[in-house]
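All remarks here apply to the structure that follows.
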Amino acid sequence: MIGGWHYYSRVKHLYLHVPFCRRRCSYCDFSIAVRKRIPARQYVDAVLQELDVVMKSSPGWVNPGAMPRGSSEGSLETLYLGGGTPSLLPPDALATLLASLLDAFGATSLRDAVEVTIEANPEDVTPENAAAWRRAGVNRVSLGAQSFDDGVLQWMHRSHGATRIGDAVRGLRAAGFDNISLDLIFALPAELERDWARDLDLACSLLPAHLSLYGLTVEERTPLARWISRGATAAPDDERYAEEYLYAHQRLARDGYRFYEVSNAERGGHRSRHNSAYWSGRAYLGLGPAAHSFDGRVRRWNLAAWETYRRAVGAGLPAIDAEEVLTEEQRELERLYLALRTDAGLPLAALCRPLPPQAARWVERGWADVREQRLVCSPEGWLRLDALVRDLTSARGTV
Ligand code: SF4
């Protein structure tokens, strides 16, 4: 068993799941608790109780082999508040929580060196909230914009109108945030007549440091799945997905954005350090209902339902719902996927030499490129990532 201090000294990436939302968006199947009033006090207490349980049990989730080479012991690098809607937490609750977590991980004096991200909905960005987030140590905001079309936002059951997005970005800048990311969803059903080019123009005009673009997917037991099953809306269309995805690459490149991962583009060096840690297979600890943790070998996830989670940690029990020990084969496959998702690509040394014929065909077709001894996907390749991984693993006969 690893002692408490030693355990903490090794956590570099911390995720906090805040499960509350005002209502459920039409496409969303995340683990959330819809609440008019946020039980902020109970939530903060529950997370800190979970932290206490984790510290006492010290299960050795973070093994030294999973640590980035050359990093110093004892310093948290990123803290990410995701959800749910973390921006619904009252500022005083957020400040208490962040102060406790940064202290627990020995990061108080390093606050500016730690990337602290909050996911926020535009309607929650008031001057007071933005200033309070900044004071609490938040230095990056990921804004759930999704579209600049009011009809589309209503269809999505979002609670903001299009004009709130620009107001939110300006309000965040006024409060001192320069690291702002916008989320947009593409490949919407044709009947919505969503103008993707206009949405990208409007997003670029706000000069965010970072953009995340996600294609609409249909998850079971969502309003969207029910609309599709009764024929009230069309299922997402692969052709539209590919067209809009490739258009986004061209459009964003014109404004100096660079895709550094399948769904994420940045400019000025503003990559998400937290998500980059996931994509490079680093260890992370997750706190809160439904949060996942990974130590490089074992993946664990917490009880998803807010009340069940709260009762467990309140009774001093671990919040873990289940765990999966990855086999060497699974880890290898995951490494392959993760490497090919990013612009770092896959080292050729990890493949057969010379390049297997299947991979060489990808290069001939322009779906991948060989740069500095690494196989890197083009946008067309990212659209076909599953097929590329299949080709590479079959070429090796094993993963
Ligand atoms: S705000 Fe986000 S987490 Fe909440 S319901 Fe909508 S998509 Fe899901």
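Atoms within each ligand, like the ligands themselves, are counted from 1 in listed order.
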(message) With heavy-atom distances below 4.0 Å as the criterion, list the atoms of ligand 1 near Tyr27.
(response) 7 (S)
(message) Give me the residue, atom name and distance of the protein heavy atom closest to atom 3 (S) of ligand 1.
(response)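 I find the closest protein heavy atom is Gly84 N, 3.3 Å.
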Would you call [X]-[Y] a salt bridge at under 4.0 Å N-O?
X      : Y      : value
Arg282 : Glu77  : yes
Arg299 : Glu324 : yes
Arg335 : Glu332 : yes

(message) Please enumerate all residues that pass side-chain hydrogen bond (donor to acceptor under 3.5 Å, both in side chains) together with His274, with sequence neighbours excluded.
(response) Thr78, Tyr278
(request) Can you check the number of protein N/O/S atoms within less than 2.8 Å of atom 6 (Fe) of ligand 1? (result) 1
(request) Taking the six-membered ring of Trp382 (Phe, Tyr or Trp), confirm whether the NZ or CZ of Arg341 is under 6.0 Å from its centre and within 45° of its axis. (result)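 Arg341 over Trp382 ring: no.
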(message) Looking at Leu285, is its backbone amide N or carbonyl O close enough to the side chain of His13 to form a donor-acceptor pair, meaning the two atoms are under 3.5 Å apart?
(response) no
(request) Dump the intermediate steps for side-chain contact (heavy atoms from CB on, under 4.5 Å) on Tyr309 and Glu50, then the final yes or no. (result) CA-CA 9 Å; Tyr309 164 86; Glu50 184 192 356; 2.7 Å; yes
